[in-house]
Amino acid sequence: MSSVRVDIDNVEWTSAVPFYGPGAVFHGQEIVQLKVLCDRRHEGGGITWVVKFIPPAGKLIKIIAVASSDEHVLILEGGRSTKSGLPSNTSGGYSLNPKGQPHSAMFASEMTALVVYVGEPDEVKSIEVVDIAASGK
């Protein structure tokens, strides 16, 4: 196989619904968008994308998933949030969710990350939009 090179600026943002489910849309707005950079799953490889989470004003996007393969996440802009909508001080800029690992993430402001899956992407158990004030309950 030859090398894969992609000009990220020329890749269009697309709907994340095929991977994240219908919760990636809130009141007709795409709140999760993807730029799929490389998909080699048909060859036994993985998939790489840039993901953007765009929570509605005053809301929090909450995701619960299980890693179907090792998942590497490098935050490019923004970051994770706490249940109260404040920036999380424990998320760091890079994380690894090993295959089989249940995990969650919350975003109260726009966040963009590079995500590399060694094989299949996460099994998203739920994605919901909640009020920030109510999320700490």
Side-chain angles (χ1 to χ4, degrees):
M1 173 174 184
S2 61
S3 298
V4 175
R5 291 180 176 81
V6 176
D7 182 349
I8 295 172
D9 292 334
N10 289 331
V11 177
E12 296 292 323
W13 288 106
T14 62
S15 173
V17 169
F19 295 101
Y20 287 81
V25 176
F26 181 75
H27 293 167
Q29 297 292 325
E30 299 275 347
I31 59 169
V32 185
Q33 298 178 347
L34 300 176
K35 288 186 176 196
V36 178
L37 304 180
C38 181
D39 186 350
R40 295 189 51 243
R41 293 175 298 158
H42 63 283
E43 301 169 356
I47 185 168
T48 301
W49 62 49
V50 176
V51 61
K52 180 170 28 175
F53 294 94
I54 311 162
K59 306 279 188 190
L60 179 83
I61 298 173
K62 180 180 175 184
I63 300 172
I64 299 173
V66 176
S68 297
S69 67
D70 286 357
E71 174 194 32
H72 300 266
V73 180
L74 177 65
I75 296 175
L76 303 174
E77 290 183 48
R80 296 179 185 210
S81 302
T82 65
K83 291 178 182 180
S84 61
L86 299 173
S88 173
N89 60 1
T90 61
S91 67
Y94 167 80
S95 62
L96 166 64
N97 294 307
K99 182 178 181 176
Q101 176 70 43
H103 57 283
S104 63
M106 293 174 278
F107 308 100
S109 60
E110 189 170 309
M111 194 281 292
T112 305
L114 174 68
V115 182
V116 178
Y117 295 100
V118 175
E120 291 296 321
D122 284 354
E123 176 186 350
V124 176
K125 298 292 190 178
S126 69
I127 179 170
E128 60 182 325
V129 175
V130 296
D131 291 331
I132 290 176
S135 65
K137 293 181 180 179

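Side chains are part of it too, since the values below use all heavy atoms of this structure and drop only hydrogens, waters and symmetry mates. Values in this document were obtained by computation on a predicted structure and should not be read as measured data.
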Original post:
Heavy-atom count around Glu12 CD within 6.0 Å, excluding the residue itself: above 12?
Top reply: no
**OP:** Give the cluster check for Tyr20 versus Ile54: same hydrophobic cluster or not, with ILVMFWY residues linked at side-chain heavy-atom distances below 4.5 Å.
**Re:** no
Original post:
Is Ile64 reachable from Met106 through a run of hydrophobic residues whose side-chain heavy atoms are each under 4.5 Å from the next?
Top reply: no
**OP:** Take Val25 and Ile31 through the side chain to side chain contact (heavy atoms under 4.5 Å, CB included) test and state the conclusion after the steps.
**Re:** CA-CA 6 Å; Val25 176; Ile31 59 169; 6.0 Å; no
Original post:
Between atom CD1 of Ile75 and atom OG1 of Thr112, what is the distance when rounded to the nearest 0.5 Å?
Top reply: 10.0 Å
**OP:** Could you go through the side chain to side chain contact (heavy atoms under 4.5 Å, CB included) check for Leu37 and Leu114 one step at a time?
**Re:** CA-CA 10 Å; Leu37 304 180; Leu114 174 68; 3.9 Å; yes
Original post:
What about Val6 and Leu74, same hydrophobic cluster or not, with Ile/Leu/Val/Met/Phe/Trp/Tyr joined at side-chain heavy-atom distances under 4.5 Å?
Top reply: yes
Subject >> Check: Val50 and Leu34 side chains under 4.5 Å, non-hydrogen atoms >> reply: no
Subject >> Val130 with Ile132, same ILVMFWY side-chain cluster at under 4.5 Å >> reply: yes
Original post:
Can you name the one residue among His72, Glu71, Arg80 that meets side-chain contact (heavy atoms from CB on, under 4.5 Å) with Ser95?
Top reply: Arg80
Original post:
Can you tell me how far OG of Ser88 sits from CZ of Phe107, rounded to the nearest 0.5 angstrom?
Top reply: 10.0 Å
Original post:
With distance as the sole test, does Ser69 use its side chain to make a donor-acceptor pair with the main-chain N or O of Gly119 at under 3.5 Å?
Top reply: yes
Original post:
What's the spacing between Ile47 CD1 and Glu120 CD if we round to 0.5 Å?
Top reply: 8.0 Å
**OP:** Give a yes or no on whether Lys59 atom NZ has more than 12 heavy-atom contacts from other residues, nucleotides or ligands under 6.0 Å away.
**Re:** yes
Subject >> side chain to side chain donor-acceptor pair (under 3.5 Å) against Glu123, all qualifying residues, sequence neighbours excluded >> reply: Lys125
Original post:
Do Asp122 and His103 have a side chain donor and acceptor closer than 3.5 Å?
Top reply: yes
Original post:
Closest heavy-atom contact between Pro55 and Phe53?
Top reply: CD-O, 3.5 Å
Original post:
Is Lys35 positioned over the aromatic face of Trp49, cation under 6.0 angstrom from the ring centre and no more than 45 degrees off axis?
Top reply: no
Subject >> Ser81 (side chain) donor-acceptor with Ala108 (main chain) under 3.5 angstrom >> reply: yes
Subject >> Close side-chain approach of Phe26 and Pro56, heavy atoms under 4.5 Å >> reply: yes
Subject >> Nearest non-hydrogen partners of Val11 and Val36, listed with the distance >> reply: CG1-O, 4.0 Å
Original post:
If every non-hydrogen atom of Ala67 is compared with every non-hydrogen atom of Pro98, which pair is closest and at what distance?
Top reply: CB-O, 3.3 Å
Subject >> Stepwise side chain to side chain contact (heavy atoms under 4.5 Å, CB included) test for Val115 and Thr48 >> reply: CA-CA 6 Å; Val115 182; Thr48 301; over 6 Å; no
Original post:
If you measure only the distance, is there a donor-acceptor pair under 3.5 Å linking the side chains of Ser15 and Glu30?
Top reply: yes
**OP:** Working to the nearest 0.5 Å, report the span between CD of Gln33 and CD of Glu110.
**Re:** 8.5 Å
Original post:
Tell me, do Val32 and Phe19 make a side-chain contact under 4.5 Å, heavy atoms counted?
Top reply: no
Subject >> Pairwise distance CG(Asn97) to CG(Asp70) - rounded to 0.5 angstrom >> reply: 9.0 Å
**OP:** Treat each ILVMFWY residue as a node, draw an edge where side-chain heavy atoms are under 4.5 Å apart, and state whether Trp13 and Leu76 are in one component.
**Re:** yes
**OP:** Measure the OG-CG distance between Ser109 and Leu86 for me, rounded to the nearest 0.5 Å.
**Re:** 10.5 Å
